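I have placed the structure first, in the form of structure tokens, so that the comments after it can refer back to it.
FYI, the numbering just counts along the sequence from 1. Remember, predicted model here, so these are calculated numbers, not experimental data.
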Amino acid sequence: MEKKKRILVVSQHYYPENFRITDLCEGFVQDGFEVDVLCGLPNYPHGEWFEGYSQNGPMRETHGGVEIFRTREIRRKNNTSLRIFLNYVSYPFTAVFRLFSLRRRHYDAVFCYETSPVLMLFPAIVCAALRRIPLTCYVLDLWPENLYSVLPIQNKFLRAVAKSVSHWHYRRCDQLVAMSDALGEKLRTISPRSTVHVIPQYCEDFYAEDVTDAALCARFSDKFCVLFAGNISPAQNLDLLVECAVRLRDAGRNDIHFIIVGDGMSRVSLEERVEKEGVSSLFSFEGQKPAADIPCYTGFAGALFAALNASDDLGLTVPAKITSYLAAGKPCLVSMDGEPARVIREASCGLVSPAGDVQALYENLLKLADASPEQRQTMGENARRCYRENFSRSMLLKKMEALF
């Protein structure tokens, strides 16, 4: 009987934090791999320890057949720039020392699920080098470009340092996984010695379930609801919705309502701006919800909203939010450039405006709200077809497993 391959997955964020890496690892286990995860203690996005956790652990758990090894980190408390920076640098530092406790465990490969920051790659690099095993990195946030979307650093010296550090990490990988051809080309330029694969990010199957929540439907039955679900951060540019809401108020359009499901470092400032502009009646902030509850909201939504700041580099990939929106089978209202805009246009599953263009977004919002139910249904059907053909879990999971 062939021995199962064991993979060490390095990711600062893992269950119970809401990141797709949890489902990915459990998929590996279901398909016959043994998986260990080296991660931090859960405190994202609020910056507070999740219930049942503290700075002292628990430091080892099992969930979904995955062995979880945690390391200490400085939590993101209050989500200030200083606390986020300390959180970024503390995880890779302590994770390197945590590797010592794993010295008796055999691994065939190391896999890093690289969201922000790129520094989380460092313990994966150390492990792969010491054990002389291959290192694969799934690049979800390209650095330093993603850093600039949150912190608009203009100092040339600091930008040069960030670029040098980021590229050093990528060049230490045997394989790099990109979510699009455009990002793949960028990574080949950054790290010409690495093998680059293009595998889009899938979403969990439950996003494609048709769910009707009677209580939610009753709350918003008289409105055309535009839903945003996910992390509320500067990169998501949700201020666009506030500006659209001001235009709606001035035009006397009280039939359109924005529902925000999620949390993040920009939630408080967003709520404050909504109140300041006098458009609170057009918004409902539902807070953080379990991912499995999102279909309860997409089920009655008239459109699903996503935006990114104007940036060539941020438009290199199709965000996970877009794939889950496609699976939901509802029209997409998107303010983005690059790959996500191309996917929506080619699939004819929504309306796209250039990143940051408030007037174009507002006009598209009115077009969707005033469209016939049949037109919106066709867009939704096109969305789900695009998901099944390009972003289904089973197909993309097999491609990931082939890397090992």
Side-chain angles (χ1 to χ4, degrees), residues 7-15 17 19-22 24-25 35-45 47 49 53 55-57 59-60 66-77 79-103 105 107 109-148 150-151 153 158 161-177 187 190-191 194 265:
I7 307 165
L8 176 64
V9 175
V10 176
S11 173
Q12 182 167 353
H13 305 292
Y14 198 75
Y15 172 86
E17 294 172 322
F19 283 80
R20 207 146 267 147
I21 182 59
T22 301
L24 187 61
C25 289
V35 180
D36 289 356
V37 172
L38 176 59
C39 60
L41 289 161
N43 67 102
Y44 181 94
W49 303 125
Y53 295 87
Q55 185 66 30
N56 295 319
M59 308 307 290
R60 182 171 180 177
V66 177
E67 291 288 328
I68 305 171
F69 297 87
R70 300 193 184 274
T71 185
R72 290 180 173 84
E73 62 180 71
I74 297 175
R75 57 182 168 167
R76 302 164 61 102
K77 188 174 183 179
N79 280 313
T80 62
S81 296
L82 175 60
R83 294 291 302 202
I84 291 174
F85 171 77
L86 293 174
N87 177 261
Y88 278 1
V89 299
S90 62
Y91 168 77
F93 178 77
T94 60
V96 167
F97 289 95
R98 185 72 163 108
L99 288 172
F100 182 75
S101 66
L102 306 180
R103 65 191 183 280
R105 299 178 72 83
Y107 298 111
V110 182
F111 177 73
C112 181
Y113 188 83
E114 186 254 311
T115 54
S116 291
V118 71
L119 300 175
M120 73 172 65
L121 241 176
F122 187 69
I125 292 170
V126 172
C127 182
L130 291 177
R131 295 173 181 254
R132 298 182 181 179
I133 54 178
L135 168 59
T136 300
C137 177
Y138 197 179
V139 182
L140 289 96
D141 290 347
L142 180 66
W143 272 54
E145 289 78 5
N146 195 269
L147 172 65
Y148 303 150
V150 179
L151 298 175
I153 299 171
L158 293 178
V161 170
K163 180 178 179 180
S164 177
V165 170
S166 299
H167 290 188
W168 181 90
H169 282 76
Y170 293 131
R171 288 169 182 159
R172 295 314 179 269
C173 299
D174 299 287
Q175 299 184 105
L176 293 168
V177 181
L187 291 174
I190 293 172
S191 183
S194 304
M265 62 187 296

Reported [atom1]-to-[atom2] distance for the pair [X] and [Y], which is rounded to 0.5 angstrom:
X: I190; Y: W143; atom1: CD1; atom2: CH2; value: 13.5 Å
X: I21; Y: C39; atom1: CD1; atom2: SG; value: 10.0 Å
X: Y107; Y: L8; atom1: OH; atom2: CG; value: 5.0 Å
X: F85; Y: L119; atom1: CZ; atom2: CG; value: 8.5 Å
X: F122; Y: W168; atom1: CZ; atom2: CH2; value: 5.5 Å
X: S90; Y: E73; atom1: OG; atom2: CD; value: 5.5 Å

R83 and I74: CA distance, side-chain angles, deciding distance, side chain to side chain contact (heavy atoms under 4.5 Å, CB included) verdict: CA-CA 8 Å; R83 294 291 302 202; I74 297 175; 3.8 Å; yes
Worked verdict on L99 versus L38 for side chain to side chain contact (heavy atoms under 4.5 Å, CB included): CA-CA 8 Å; L99 288 172; L38 176 59; 3.7 Å; yes
Chi angles and distances behind the side chain to side chain donor-acceptor pair (under 3.5 Å) call for Y113, Q12: CA-CA 8 Å; Y113 188 83; Q12 182 167 353; over 6 Å; no
Exam field: side chain R70 to backbone G40, donor-acceptor pair closer than 3.5 Å: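 Yes; judged by distance alone, with no hydrogens or angles, the pair exists.
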Side-chain donor or acceptor of T94 paired with backbone N/O of T71 under 3.5 Å: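 No: the side chain of T94 does not pair with the backbone of T71.
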[X] vs [Y] side-chain heavy atoms within contact, under 4.5 Å:
X: R105; Y: D36; result: yes
X: V118; Y: L142; result: no
X: M59; Y: F69; result: no
X: L135; Y: L121; result: yes
X: R72; Y: N56; result: yes
X: V10; Y: C127; result: no

Which heavy atom of [X] sits nearest a heavy atom of [Y], and at what distance?
X: P144; Y: S166; result: N-OG, 3.6 Å
X: F100; Y: R103; result: O-NH1, 2.8 Å
X: M120; Y: P123; result: O-CD, 3.3 Å

Whether Y44 and H13 hold their rings parallel, tilted or perpendicular, with breakpoints at 30° and 60°: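 Tilted: the ring planes of Y44 and H13 meet at 30° to 60°.
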Under 3.5 Å side-chain donor-acceptor pair for D141 and S116: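 Looking only at side-chain atoms, S116 and D141 do form a donor-acceptor pair, the distance falling under 3.5 Å.
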Working for side chain to side chain contact (heavy atoms under 4.5 Å, CB included), residues H167 and S191: CA-CA 7 Å; H167 290 188; S191 183; over 6 Å; no
Matching residue for N43 among K77, R75, Q55 - test: side chain to side chain contact (heavy atoms under 4.5 Å, CB included):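 Among K77, R75, Q55, the one meeting side chain to side chain contact (heavy atoms under 4.5 Å, CB included) with N43 is R75.
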Candidate list D174, V110, I7, test side chain to side chain contact (heavy atoms under 4.5 Å, CB included), partner I133, passing option: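 Single side chain to side chain contact (heavy atoms under 4.5 Å, CB included) partner of I133 among D174, V110, I7: V110.
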Verdict with reasoning, I68 to R60, per side chain to side chain contact (heavy atoms under 4.5 Å, CB included): CA-CA 6 Å; I68 305 171; R60 182 171 180 177; over 6 Å; no
Test of ring centre spacing under 6.0 Å for F93 and F97: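 Between F97 and F93, which both carry aromatic rings, the centre distance is below 6.0 Å.
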Sequence neighbours excluded - side-chain hydrogen bond (donor to acceptor under 3.5 Å, both in side chains) pairs with any residue from residues 118-140: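 Applying side-chain hydrogen bond (donor to acceptor under 3.5 Å, both in side chains) to every pair that reaches into residues 118-140, excluding sequence neighbours, yields T136-Q175.
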